[in-house]
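The basis for the numbers below is simple: all heavy atoms, side chains too, and nothing from hydrogens, waters or symmetry mates. If you read the sequence from its start, that first residue is 1, and numbering goes on from there.
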Amino acid sequence: MEAARDHLLSRQHEHGWWKGELQTNVTMDAEDMMLRRFLGILTAEEAAESARWIRSQQRSDGTWGTFYGGPGDLSVTVEAYVALKLAGDDVAEEHMASARDWILRQGGIERTRVFTRMWLAMFGQWSWDELPAMPPEIVFLPSWFPLNLADWGCWARQTIVPLTVVSTLRPQRELGVRTEELRTGGPVGRLRQGADGSAWDTVFNKLDRVLHGYGRHPIRPLRRQAMRRAAEWIVARQEADGCWGGIQPPWVYSILALNLLGYPLDHPVLRTAITGLEGFLIREDTAQGRMRRMEACQSPVWDTVLGIQALHDAGLSGEHPAMHRALEYVRGEEIMVRGDWAVRRPALPGGGGWAFEFENDGYPDIDDTAEVLLAFNRTGYAEQDRVASAVSRGRRWLRGMRSKDGGWAAFDADNTRWLVNKLPFCDFGAVIDPPSADVTAHVVEALVETGDSDDPVVRDGVRWLLENQEDDGSWYGRWGVNHIYGTGAAVPALVRAGIPPEHPALRRAVRWLEEHQNQDGGWGEDLRSYDDPAWIGRGDSTASQTAWALFALLAVGRHDTRAVRGGVGFLVETQQPGGYWSEPQFTGTGFPGDFYINYHLYRQVFPLAALGRYRRAVRGE
């Protein structure tokens with residue numbers, strides 16, 4: 001524990017924050033290359049550096065996947081192949097031939113997601129007529145009307161607005177290479193998320209044909225006004241570092257949309273946006289040469305508040321200089337302006353929210369805010385007058401962002417209109433933001449620790465958690481993998497809220513965890529559990545997932561059990577000499593079933609916290 005503590009302290013930035021790499025998959029790098037090619041700014045050096053990274057991530061079967069150890073993904077593999085071809089790789093080379101053969105066996109470009117085919121359409125490699133229509137007039141829909149922008153999750157609405165511009169203008173710029181060899185002539189559409197034959201599928205397929213017809217003959221004054229409104233909407237949401245939402249998809253598509261609308265690359269908005277991308281690039285010198293890869297997002301606030309709590313669990317005082325710097329950094333990151341969340345909560349004042357990223361004032365998130373309040377309270381920092389007011393604002397904002405059913409989502413309240421999922425355009429990733437067990441648990445825990453467990457809002461949150469427990473005793477994890485994460489969040493929150501350890505729901509959770517412990521003492525869950533129930537609770541043991549399981553078991557007082565001793569033993573035995581843990585597995589979730597994350601700091605903060613809590617439990621503290 002002391003070695004892990006010292007390692008984490010050594011990684012703190014001089015300004016007080018921690019930030020581990022947020023590793024995803026090579027679509028980030030392929031699309032960055034295609035973006036720069038589209039804008040005419042891709043250099044040979046950038047292409048070579050990105051191509052080295054993409055090649056290094058190819059697996060023995062010729063594919064690229066969405067997570068470590070997972071199956072090949074057709075869309076990721078197609079985008080990687082195109083990027084390598086753009087960088088100059090010969091299609092006759094073995095790595096290109098094996099990728100191409102696999103792509104064709106899976107159905108070719110025709111079976112890729114809409115986003116992949118849209119990128120190809122921008123370079124004349126796919127027909128815009130064969131893509132779903134998304135009219136920019138969506139920006140005019142009032143908040144009560146189905147499919148309005150507030151119906152989309154914040155990440156999705158920030159992406160869809162620029163995409164309506166791109167798909168309306170239908171650009172075709174020169175890619176420099178062709179992709180016909182990746183076509184099979186077969187049916188179009190993703191196999192995994194094809195139409196289910198429901199009445200809604202029929203309705204939306206007919207609507208798509210109508211919208212295509214309208215796109216050919218729009219009401220021109222309305223269309224011009226919609227394009228202007230879309231541009232204004234995009235520009236108004238750019239953050240100080242040039243990003244949109246602090247994440248790659250809306251950032252990239254906003255650049256494309258504004259450029260197509262006539263914004264030159266030296267316009268302040270685009271200049272700031274393109275320059276800002278540099279801050280998301282990681283360059284690394286290797287035996288193969290310099291590699292260049294892009295993060296989809298960055299997580300300094302999240303990593304810092306988790307680091308603070310882990311160090312606190314390990315016995316570090318809130319007065320320690322490193323803790324003080326971290327707490328001061330977090331306090332300064334409070335967002336005092338109102339964002340898009342106010343559409344559904346117009347009476348809720350601004351202030352009291354924290355975002356995940358360095359810059360994302362438009363979209364503070366509920367999960368980060370809850371963890372900030374926990375960090376402030378657990379270290380005693382909340383007792384200071386200037387901090388107490390921030391905690392009060394945070395509690396007010398969290399309470400106001402509760403959804404009608406009593407649970408909490410990540411960014412919005414009552415963002416549950418499932419109709420959006422039926423749009424033909426939405427064949428990739430989650431597009432709505434309903435309440436989840438992990439976020440609800442963190443909020444319940446934060447409100448209890450900073451207020452009163454008898455609060456009706458807390459009681460509703462507890463009720464939500466109990467009602468949403470799975471039949472097997474676990475909880476589904478929306479933002480971490482998967483049932484281990486959800487259960488590791490829900491159990492401590494329920495205990496903190498006053499649910500006794502002998503409650504049937506907690507007994508079922510303990511039984512589920514103990515039944516899913518691996519022989520080596522650890523816990524692990526493969527990301528395929530989001531698609532295949534056979535994988536729930538199954539997978540190679542990881543440090544972070546083992547820690548989550550221990551959080552739950554320690555919360556109900558099971559420190560003196562074989563299961564907990566085995567989990568602690570796994571962490572001790574797998575710690576590396578430098579005080580850290582190795583974890584190539586992805587244990588973070590972006591979009592269940594589609595997009596996953598390896599938070600490089602998870603493998604440090606969670607095991608440290610688990611060991612600290614175990615020590616306190618053994619000592620009876």
Side-chain angles (χ1 to χ4, degrees), residues 309 313 370 374 377-378 405-408 435-478 480 482-518 521-523 525 536-538 545-571 606 609-621:
Q309 293 182 69
D313 285 328
L374 287 169
N377 193 70
R378 288 173 174 172
D405 65 0
W408 281 267
S436 68
D438 39 316
V439 178
T440 299
H442 294 155
V443 174
V444 166
E445 199 168 4
L447 291 178
V448 168
E449 290 207 14
T450 59
D452 185 357
S453 59
D454 291 330
D455 189 319
V457 172
V458 172
R459 289 202 301 271
D460 281 349
V462 170
R463 173 188 54 76
W464 191 97
L465 287 171
L466 293 175
E467 290 177 353
N468 283 275
Q469 187 178 24
E470 302 292 324
D471 291 340
D472 62 10
S474 67
W475 277 269
Y476 177 89
R478 167 61 182 86
N482 172 351
H483 292 253
I484 296 176
Y485 182 71
T487 307
V491 171
L494 289 170
V495 171
R496 195 69 181 83
I499 300 298
E502 62 272 14
H503 189 282
L506 298 185
R507 288 207 308 268
R508 289 198 304 274
V510 167
R511 183 172 61 249
W512 183 85
L513 284 169
E514 292 182 345
E515 289 175 350
H516 287 83
Q517 187 173 23
N518 288 332
W523 280 264
E525 186 170 358
I536 290 175
R538 288 183 50 223
Q545 291 169 317
T546 298
W548 299 336
L550 289 173
F551 289 166
L553 296 175
L554 290 169
V556 295
R558 296 188 61 81
H559 55 279
D560 191 20
T561 62
R562 180 178 179 180
V564 168
R565 287 193 295 270
V568 171
F570 172 82
L571 294 179
F606 289 121
L611 293 176
R613 294 183 193 186
Y614 176 69
R615 183 180 68 166
R616 288 209 311 269
V618 169
R619 291 180 173 181
E621 298 173 359

Partners of Asp471 by side-chain contact (heavy atoms from CB on, under 4.5 Å), sequence neighbours excluded?
-> none
Minimal heavy-atom distance between Ala610 and Leu550, with the atoms involved, is CB-CD1, 4.1 Å
Results of ring pair (Phe, Tyr, Trp, His ring centres under 6.0 Å) for Phe570 - residues two or more places apart only = none
Starting at CG of Asp472, measure out to CH2 of Trp512 and round the result to the nearest 0.5 Å.
-> 6.5 Å
Separation between CZ of Arg378 and CD of Glu445, rounded to the nearest 0.5 Å = 4.5 Å
For Asp455, enumerate each residue passing the salt bridge (charged side-chain N to carboxylate O under 4.0 Å, His left out) test, keeping only those at least two apart in sequence or located in another chain.
-> Arg399
Looking only at heavy atoms, the pair that brings Ala549 and Ile484 closest together is N-CG2, 4.1 Å
Can you measure from CZ (Arg463) to CG (Asn468) and round to the nearest 0.5 angstrom?
-> 9.0 Å
Please report the shortest heavy-atom distance between Trp523 and Gly567, naming the atom on each side.
-> CZ3-CA, 3.9 Å
Sequence-distant partners of Asp560, salt bridge (charged side-chain N to carboxylate O under 4.0 Å, His left out), two or more places apart | Arg565
Which residue pairs pass the ring pair (Phe, Tyr, Trp, His ring centres under 6.0 Å) test when at least one of the two sits in residues 442-467, sequence neighbours left out?
-> none
Straight-line distance of Asp460 CG to Trp408 CH2, nearest 0.5 Å | 7.5 Å
Applying side chain to side chain donor-acceptor pair (under 3.5 Å) to Glu470 and not counting sequence neighbours gives none
Gly461 to Thr440 - nearest heavy-atom pair and separation | O-CG2, 3.9 Å
Validation: residues 486-505 side-chain donor-acceptor distances under 3.5 Å, sequence neighbours left out:
residue	atom	partner	partner atom	Å
Thr487	OG1	Trp475	N	3.0
Thr487	OG1	His483	O	2.6
Arg496	NE	Glu449	OE2	3.4
His503	ND1	Ala505	N	3.0

Supply the atom-to-atom distance Leu466 CG to Leu506 CG, rounded to the nearest 0.5 angstrom.
-> 7.5 Å
Test side chain to side chain contact (heavy atoms under 4.5 Å, CB included) applied to Leu447 and Val457, step by step = CA-CA 9 Å; Leu447 291 178; Val457 172; 4.1 Å; yes
Only counting residues at least two apart or in another chain, list the ones meeting salt bridge (charged side-chain N to carboxylate O under 4.0 Å, His left out) with Glu514.
-> Arg558
Mind checking side chain to side chain donor-acceptor pair (under 3.5 Å) for Asn518 and listing every partner two or more places apart, or none if nothing turns up?
-> Ser541
Which atom pair, heavy atoms only, marks the closest approach of Ala446 to Ala370?
-> CB-O, 3.5 Å
Could you list the residues that satisfy ring pair (Phe, Tyr, Trp, His ring centres under 6.0 Å) with His559, not counting sequence neighbours?
-> none
Results of salt bridge (charged side-chain N to carboxylate O under 4.0 Å, His left out) for Arg508 - residues two or more places apart only | none
Is a side-chain donor or acceptor of Asp438 paired with a backbone partner of Arg478 at a separation under 3.5 angstrom?
-> yes
Which residues pass the side chain to side chain donor-acceptor pair (under 3.5 Å) test with Asp313, sequence neighbours left out?
-> Arg613, Arg616
